[in-house]
Amino acid sequence: MTAKGDNLILSISNINVKAVNVFISKDNGAKEVYDTFKIGEKVRIKGKVAEYNYAREIVVESASDVTNQ
């Protein structure tokens with residue numbers, strides 16, 4: 001969870017892929033996702049690709065877009 005704004009930023013990494021950030025705003029279920037999943041769990045994420053500070057990220061529109069894999 002971010003220090004300001006109660007948003008959630010996840011860092012998704014894989015051995016074969018550079019880490020990608022996933023952004024979930026407080027209005028789109030950040031707290032729900034934070035409370036549901038634990039560090040190291042495999043998840044499936046549905047969202048839109050966006051750019052923030054010259055880096056691509058996935059923006060989740062609803063907590064239901066983050067599910068167990």
The test is side-chain contact (heavy atoms from CB on, under 4.5 Å); show your working for Asp6 and Met1 and say whether it passes.
CA-CA 6 Å; Asp6 297 325; Met1 299 294 289; 4.3 Å; yes
Decide yes or no on side-chain contact (heavy atoms from CB on, under 4.5 Å) for Lys48 and Glu61, but give the supporting numbers first.
CA-CA 8 Å; Lys48 293 185 178 182; Glu61 296 180 342; 3.1 Å; yes
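The cluster map of Ile, Leu, Val, Met, Phe, Trp and Tyr, joined by side-chain heavy atoms under 4.5 Å apart, puts Val22 and Val43 in the same cluster. Clustering ILVMFWY residues whenever any of their side-chain heavy atoms sit less than 4.5 angstrom apart, transitively, puts Ile24 in a cluster other than the one holding Val59.
Residues Ser25 and Asn7 come closest through the heavy atom pair CA-OD1, 3.1 Å. Considering all non-hydrogen atoms of both residues, Glu41 and Thr36 come closest at OE2-O, 4.1 Å.
In the displayed structure, Phe23 atom CZ is contacted under 6.0 Å by more than 12 heavy atoms of other residues, nucleotides or ligands.
With sequence neighbours left out, Glu32 forms a salt bridge (Lys or Arg N to Asp or Glu O under 4.0 Å) with no residue at all.
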Under 3.5 Å, which donor-acceptor pairs link side chains of residues 51-58 to any protein atom two or more places apart or in another chain?
none

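Once rounded to the nearest 0.5 Å, the distance linking NZ of Lys42 with CD1 of Ile12 reads 12.0 Å. Atom CG in Asp65 sits 12.5 Å away from atom CZ in Arg44 (nearest 0.5 Å). For the atom pair NZ (Lys46) and OG (Ser62), the distance works out to 9.0 Å, reported to the nearest 0.5 Å.
Screening Val33, Val66, Asn28 against Leu8 for a side chain to side chain contact (heavy atoms under 4.5 Å, CB included) leaves a single residue, Val33.
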